[in-house]
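Accompanying notes for the structure given below.
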Amino acid sequence: FEGSSDVGRVELPGAVEFDAAKRQYVVTGSGANIWGNADAFQFVWKKVSGDLEITTEVLWRGEGKQAHRKAGPMVRQDLAADSPYADAVVHGDGLISLQFRRDRSGPTMEVKSPIKAPALIKLERTGDLFTLSVAPKGEAFRPAGSVTVALPGAVHAGLVVCSHEAATRETAIFTDVAFKNEPAGAVRSRVRESTLETVAIETGLRRIIYRAKDHFEAPNWSRDGRALLFNRGGRIYSLPVEGGM
């Protein structure tokens, strides 16, 4: 990364330390929240264009004061408090979510991962498509959600920390940090992705059953409720509700 900044209105300045041997960043930040129509946090960033991927594990230092302190990778249009963005943040209570703001000064929305920390998290940008993937300890990455956010031109991409309390600092340790950046369209000139999800009515929690960088459609339940059916390339496929093919 090439710079660090406090974004938005913060009462206490943030700080960044880097250990090249461990590929580890120690980031301290304050700020009321990354949510709503404007944000306040510490940001260590690099200005880039094109497709990218940021992978890391987030570890909190100490118990903290707020269950919803946040830390993780972010891709942001600019350093204004109300900028459009997408991020993949780990909360103090272990919740992992894909947050995003599509329009300047617009609302923030999120997709919650069913997997909680500790885990490796990966935020990918391919064109306007942002995808969160989560890998529990010793396991492969699993897709947790995808959204579209248009961020034209150069963007700021990096790591964020927000204490969720303006007058408090919190510190996150980012381990195994990996950053990949390719020209727009190098991966695929046009991305088409389909995701089959279930949503819990009581909690609104989304769970991805199957995802493919291809087109499929018309999902429906089997009569016994044990499988999901969908159309792909003129054929009907059956998928167990637990996932897999």
Side-chain angles (χ1 to χ4, degrees), residues 33-35 51-60 67-76 84-102 107-151 157-162 164 172 174-180 187-188 191-216 219 228 230 239-245:
N33 207 350
I34 303 174
W35 194 255
D51 299 332
L52 58 87
E53 176 185 299
I54 307 173
T55 305
T56 187
E57 182 176 2
V58 178
L59 305 172
W60 287 104
H68 289 292
R69 53 185 173 160
K70 300 172 182 177
M74 172 185 281
V75 181
R76 193 174 186 89
Y85 76 91
D87 69 20
V89 288
V90 176
H91 297 234
D93 63 359
L95 171 67
I96 301 172
S97 65
L98 173 62
Q99 299 185 160
F100 59 101
R101 179 185 295 123
R102 288 195 170 103
T108 296
M109 294 174 279
E110 72 175 346
V111 178
K112 296 180 180 180
S113 168
I115 302 169
K116 288 196 169 187
L120 274 173
I121 57 175
K122 178 166 62 178
L123 179 65
E124 298 173 81
R125 180 201 190 193
T126 310
D128 293 338
L129 181 70
F130 288 86
T131 301
L132 166 63
S133 300
V134 181
K137 285 288 188 181
E139 299 184 30
F141 276 106
R142 305 176 191 175
S146 298
V147 297
T148 55
V149 182
L151 302 177
L159 307 172
V160 303
V161 171
C162 173
H164 206 278
F174 296 88
T175 65
D176 299 317
V177 178
F179 187 106
K180 298 179 181 179
V187 177
R188 189 168 179 176
V191 175
R192 175 186 292 169
E193 181 169 290
S194 303
T195 305
L196 181 58
E197 304 178 356
T198 58
V199 181
I201 296 174
E202 298 82 2
T203 63
L205 186 65
R206 294 165 58 172
R207 178 172 177 264
I208 293 180
I209 306 300
Y210 179 65
R211 186 184 74 166
K213 290 193 174 181
D214 198 357
H215 177 75
F216 62 83
L228 291 158
F230 62 89
L239 185 70
V241 294
E242 296 82 11
M245 285 292 285

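This chain uses plain numbering: 1 for the first residue, then up along the sequence. Please read all numbers here as calculations on a predicted model, not as lab measurements.
Taking 4.5 Å as the limit, every side-chain heavy atom of Leu132 sits out of range of all side-chain heavy atoms of Val111. Looking at heavy atoms from C-beta onward, Leu120 lies out of side-chain contact with Lys122 at the 4.5 angstrom threshold. Annotation: side chain of Pro136 is in contact with side chain of Arg142 (closest heavy-atom distance under 4.5 Å). Counting heavy atoms from C-beta outward, Glu110 and Trp35 have side chains that approach closer than 4.5 Å. Looking at Thr55 and Phe141, their side chains come closer than 4.5 Å, going by heavy atoms from C-beta outward. Within the 4.5 Å cutoff, no side-chain heavy atoms of Leu228 are placed close to those of Pro219. The side-chain heavy atoms of Leu98 and Val147, taken from C-beta on, include a pair separated by under 4.5 Å. Side-chain contact between Ile34 and Met74 is present, with heavy atoms from C-beta onward closer than 4.5 Å.
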What do the steps show when you test Lys70 against Asn33 for side-chain contact (heavy atoms from CB on, under 4.5 Å), and what is the final call? CA-CA 8 Å; Lys70 300 172 182 177; Asn33 207 350; 3.0 Å; yes
Is there a side-chain contact (heavy atoms from CB on, under 4.5 Å) between Ser194 and Asp214? Walk through the geometry before answering. CA-CA 6 Å; Ser194 303; Asp214 198 357; 5.9 Å; no
Please test Thr126 against Thr131 for side-chain contact (heavy atoms from CB on, under 4.5 Å), starting from the C-alpha separation and ending with a verdict. CA-CA 8 Å; Thr126 310; Thr131 301; over 6 Å; no
The test is side-chain contact (heavy atoms from CB on, under 4.5 Å); show your working for Arg102 and Thr148 and say whether it passes. CA-CA 8 Å; Arg102 288 195 170 103; Thr148 55; 3.8 Å; yes
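Put simply, the side chain of Asp87 gets close to the backbone of Gln99: a donor and an acceptor are under 3.5 Å apart. Looking at Thr56, its side chain never comes within 3.5 Å of a backbone N or O of Asp176 through a donor-acceptor pair.
Summarising the geometry of Tyr210 relative to Leu239, their closest heavy-atom pair is CB-CD2, 3.4 Å, with the distance given to 0.1 Å. Scanning all heavy atoms of the two residues, the minimum distance from Val134 to Ala144 falls at CG2-CB, 4.2 Å. The nearest pair of heavy atoms linking Ile96 to Ala117 is CD1-N, 3.6 Å. Of all non-hydrogen atoms in Pro73 and Ile121, the two that sit nearest each other are CD-CD1, 3.5 Å. Scanning all heavy atoms of the two residues, the minimum distance from Leu151 to Phe130 falls at CD1-CZ, 3.7 Å. Scanning both residues, Phe174 and Ala71, for their nearest heavy atoms gives CZ-CB, 3.9 Å.
The distance from atom CG of Leu95 to atom OG of Ser113, rounded to the nearest 0.5 Å, is 8.0 Å. The CZ atom of Arg101 sits 5.0 Å away from the OH atom of Tyr85 when rounded to the nearest 0.5 Å. With rounding to the nearest 0.5 angstrom, the CG atom of Leu52 is 9.5 Å from the CD atom of Glu124.
Of the N and O atoms on the side chains of Thr195 and Arg211, not one donor lies less than 3.5 Å from an acceptor on the other residue.
Ring geometry, His68 versus His91: the interplanar angle exceeds 60°, so the pair is classed perpendicular (tilted spans 30 to 60°).
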